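First comes the structure, then the notes that go with it.
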Amino acid sequence: MPREIAVTDGFPPSSRTRVRRLPERGHYERSAVYAVVDAALTCTVAYILDGRPHATATAHWRDGDRLYWHGSAASRFLRSVVGTEVSVSVHLTDGIVLARSGFDSSFNYRSATLFGRCEEIVGDEKSAQLDALVDKLVPGRAGELRPSTEQELKATTVLGMKIDEASAKIRTGGVHGNPDDDGERVWAGVIGIETRFTELTPDGETAVLVEPTGSLRRLCGKTI
């Protein structure tokens with residue numbers, strides 16, 4: 001029998017979300033799961049279409065216990081998953097862990113797996129959630145832009161799902177190698193990996209020169 005895991009504010013592990021391989025890396029509290037979800041810009045949505053498995057990468061954002069993503073109104077993927085249950089995975093790689101053997105080498109990573117049932121978002125909530133996506137990418141940006149037109153909203157589908165089940169799996173730290181390899185004359189340690197915003201490149205077709213806002217400048221060099 002798997003050991004009981006106390007979860008004070010999160011998702012009690014289920015048969016689908018319980019971390020079985022290296023269970024000490026499993027996290028089920030909302031604070032841990034949502035930190036991974038919010039740090040990533042994209043996710044992969046897995047679903048069944050015409051009786052066959054599919055997976056589609058997409059941008060995502062979260063509002064409370066709900067996850068959202070969007071795409072073209074003509075998307076077969078988006079139309080097919082409305083009313084169905086999907087699995088969403090998020091993964092961030094923070095480092096390559098180099099041991100003194102290939103077998104013991106690994107990665108430092110943050111990952112999350114979510115389950116929920118999709119619904120189409122319409123009306124005022126649709127507009128609000130598209131603004132929320134813009135603000136996730138650049139905080140405060142939505143307030144600097146013109147509102148979406150009716151045609152733009154019509155051309156866009158927004159889906160949301162209540163997060164019913166979820167878990168995170170996280171590895172940090174250094175090498176956990178075979179003690180018999182300690183005498184090997186080879187470097188071991190961690191190569192850190194960062195995803196960060198870099199320089200601002202102005203649009204070459206803009207007729208009017210506009211200085212970037214403080215929110216944009218603050219993003220430069222920020223690690224995500």
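None of the values given here were measured: they were computed from a predicted structure. Atom set for the values below is all heavy atoms of this structure, side chains included, hydrogens, waters and symmetry mates excluded.
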(message) Hydrophobic clusters here meaning ILVMFWY residues chained together by side-chain heavy-atom distances under 4.5 Å, can you tell me if V158 and V81 are in one?
(response) no
(request) Please answer: with hydrophobic residues joined when any side-chain heavy atoms are less than 4.5 Å apart, are L200 and L41 in the same cluster? (result) yes
(message) So Y68 and K126, do their side chains get closer than 4.5 Å, heavy atoms only?
(response) no
(request) Assess whether side-chain hydrogen bond (donor to acceptor under 3.5 Å, both in side chains) is satisfied between E165 and T17, documenting all intermediate values. (result) CA-CA 7 Å; E165 300 177 52; T17 62; 4.7 Å; no
(request) Look at the rings of Y109 and H91 and say which category their plane angle falls in: under 30° parallel, 30 to 60° tilted, over 60° perpendicular. (result) parallel
(request) Could you grab the distance from atom CZ of R62 to atom CD of Q129, nearest 0.5 Å is fine? (result) 11.5 Å
(request) Answer yes or no: is there a donor N or O on one side and an acceptor on the other, between the side chain of D9 and the main chain of E29, under 3.5 Å? (result) no
(request) Verify the cluster assignment for L137 and V90: are they in a single hydrophobic cluster under the rule of side-chain heavy atoms below 4.5 Å apart? (result) no
(request) Please round to the nearest 0.5 Å and tell me the distance separating atom CG of D63 and atom NZ of K136. (result) 12.0 Å
(request) Without swapping roles, check the side chain of S80 against the backbone of F77 for a donor-acceptor pair under 3.5 Å. (result) yes
(message) Is there a path of hydrophobic side-chain contacts, each under 4.5 Å between heavy atoms, that joins I224 and W61?
(response) yes
(request) Give a yes or no answer on whether the side chain of E184 reaches the backbone of D181 with a donor-acceptor pair at less than 3.5 Å. (result) no
(message) Quick one: does any side-chain atom of R217 pair with a main-chain N or O of P212 as donor and acceptor, under 3.5 Å?
(response) yes
(message) Does D182 have more than 12 heavy atoms from other residues, nucleotides or ligands lying within 6.0 Å of its CG?
(response) yes
(message) Quick one, L216 and T213 - any side-chain contact, counting heavy atoms below 4.5 Å?
(response) yes
(request) Kindly give the heavy-atom pair with the smallest separation between S127 and L153, and that separation in Å. (result) OG-CD1, 3.5 Å
(request) Check R196 against T223 and note the closest heavy-atom contact, atom names and distance. (result) CB-CA, 3.9 Å
(request) Any chance you could measure I121, atom CD1, to D124, atom CG, to the nearest 0.5 Å? (result) 12.5 Å
(message) Is it the case that the side chain of N178 and the backbone of D180 share a donor-acceptor pair, with hydrogens and angles ignored and the cut-off at 3.5 Å?
(response) yes
(request) Could you state whether F107 and V190 fall into the same hydrophobic cluster, counting links through intermediate Ile, Leu, Val, Met, Phe, Trp or Tyr residues with side-chain heavy atoms under 4.5 angstrom apart? (result) no
(request) Would you check if R76 and L49 make a side-chain contact, meaning some heavy-atom pair closer than 4.5 Å? (result) yes
(request) State, with a plain yes or no, whether a side-chain heavy atom of V86 is found less than 4.5 Å away from one of W69. (result) yes
(request) Look at the side chain of D131 and the backbone N and O of A142, then say whether any donor-acceptor pair between them is shorter than 3.5 Å. (result) no
(request) Drop me the distance from T84's OG1 to I48's CD1, to the nearest 0.5 angstrom. (result) 9.5 Å
(request) Please check if the side chain of S87 supplies one atom and the backbone of F115 the other of a donor-acceptor pair under 3.5 Å. (result) no
(request) Considering non-hydrogen atoms only, spot the tightest contact between S167 and V19 and give its length. (result) OG-CG2, 4.5 Å
(message) Y47 vs T56, test: side-chain contact (heavy atoms from CB on, under 4.5 Å). Steps then yes/no.
(response) CA-CA 8 Å; Y47 54 100; T56 300; 2.8 Å; yes
(request) For side-chain contact (heavy atoms from CB on, under 4.5 Å), just list the numbers for H27 and V36, CA-CA rounded to whole Å, side-chain angles, deciding distance to a tenth of an Å, and then say yes or no. (result) CA-CA 11 Å; H27 299 265; V36 177; over 6 Å; no
(request) For residues V33 and A166, report the shortest heavy-atom separation together with the two atoms involved. (result) CG1-CB, 4.0 Å
(request) First locate atom CG of D65, then atom OH of Y34, and finally report the distance between them rounded to the nearest 0.5 Å. (result) 3.5 Å
(request) With rounding to the nearest 0.5 Å, note down the distance linking OG1 in T195 to CG in L92. (result) 7.0 Å
(request) Identify the residue among V88, L133, V37, L114 that makes a side chain to side chain contact (heavy atoms under 4.5 Å, CB included) with H60. (result) V37
(request) Apply the test side-chain contact (heavy atoms from CB on, under 4.5 Å) to residues C43 and V45: give CA-CA distance (whole Å), side-chain angles for both, the deciding distance (0.1 Å), then the verdict. (result) CA-CA 7 Å; C43 66; V45 182; 4.2 Å; yes
(message) With a 4.5 Å cut-off on side-chain heavy atoms, are V7 and R30 touching?
(response) no
(message) Please find the pair of heavy atoms, one from S105 and one from A99, that lie closest to each other, and give the distance.
(response) OG-N, 3.1 Å
(request) Measure from the side-chain N and O atoms of R117 to the backbone N and O of G83, and report whether any donor-acceptor pair falls under 3.5 Å. (result) yes
(message) Are the side chains of K169 and R21 in contact, using a 4.5 Å heavy-atom criterion?
(response) yes
(message) Counting C-beta onward and ignoring hydrogens, is there a side-chain heavy-atom pair between R171 and N108 closer than 4.5 Å?
(response) yes
(message) Can you give me the closest heavy-atom contact between G189 and V175, atom names plus distance?
(response) N-CG2, 3.7 Å
(message) Any heavy-atom pair between the side chains of E120 and L159 that's under 4.5 Å?
(response) yes
